[in-house]
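Here is the structure we will look at, set down as structure tokens.
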Amino acid sequence: MESRQNIEELVDRLLPAAQEAQRRAYAPYSEFHVGAALLTDGGKVFAGCNVENASYGLTVCAERVAAFKAVCEGERVFRAILLVSDSEEPVPPCGACLQVLAEFSGEDMTVISIGKGGEKAVYSLRELMPRAFKFR
Ligand code: THU
């Protein structure tokens, strides 16, 4: 688990990127706007927003957009992800996103969620997804 100071540093670095991405969320169906910012072990930040589709099941969450952008740029070990949403309370990533993050989380990673009211929740990925499916 990261120290309190590390969490603050992560929030300072990731929150502006997540908020900027949230403003670009494409969510005309749910009207629920989500932004995520992911920090890799290599020190790079990748942002994502949710992208919905008229065929609802094709929607992709903000966290997976950020994860896939990172992998596509050659970053395969994630240190932390921060998400912001329209929810008053902080929301954890959905199960599908937890499974995708687990693929690239190394030993573990930090998950920070901030609600509209400013409330902050800090989790470890292991705590949210203790039994992720791993093929090898
Ligand atoms: N969504 C995310 O982007 N991340 C989450 O962690 C939860 C849900 C999106 C998917 C959909 O566009 C909208 O929020 C409502 O479910």
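Positions are given from 1, in the same order as the sequence printed here. Whatever order the structure lists ligands and atoms in, that order sets their numbers, starting from 1.
- You'll find the side chain of T40 reaches within 4.5 Å of the side chain of F46, heavy atoms only.
- Sorted by first then second residue, the side chain to side chain donor-acceptor pair (under 3.5 Å) pairs that include residues 49-69, not counting sequence neighbours, are S30-E52.
- Listed as neighbours of ligand 1 are S30, F32, V34, N50, E52, T59, C61, A62, E63, P92, P93, C94, each bearing a heavy atom under 4.0 Å from the ligand.
- Salt bridge status for E2 with R79: present, with a side-chain N to carboxylate O gap under 4.0 Å.
- The cluster map of Ile, Leu, Val, Met, Phe, Trp and Tyr, joined by side-chain heavy atoms under 4.5 Å apart, puts L101 and L83 in the same cluster.
- Side-chain contact check for E103 and Q99: no donor-acceptor pair (N or O, by modelled atom type) lies under 3.5 Å.
- Side chain of S3 to backbone of N6: a donor-acceptor contact under 3.5 angstrom is found.
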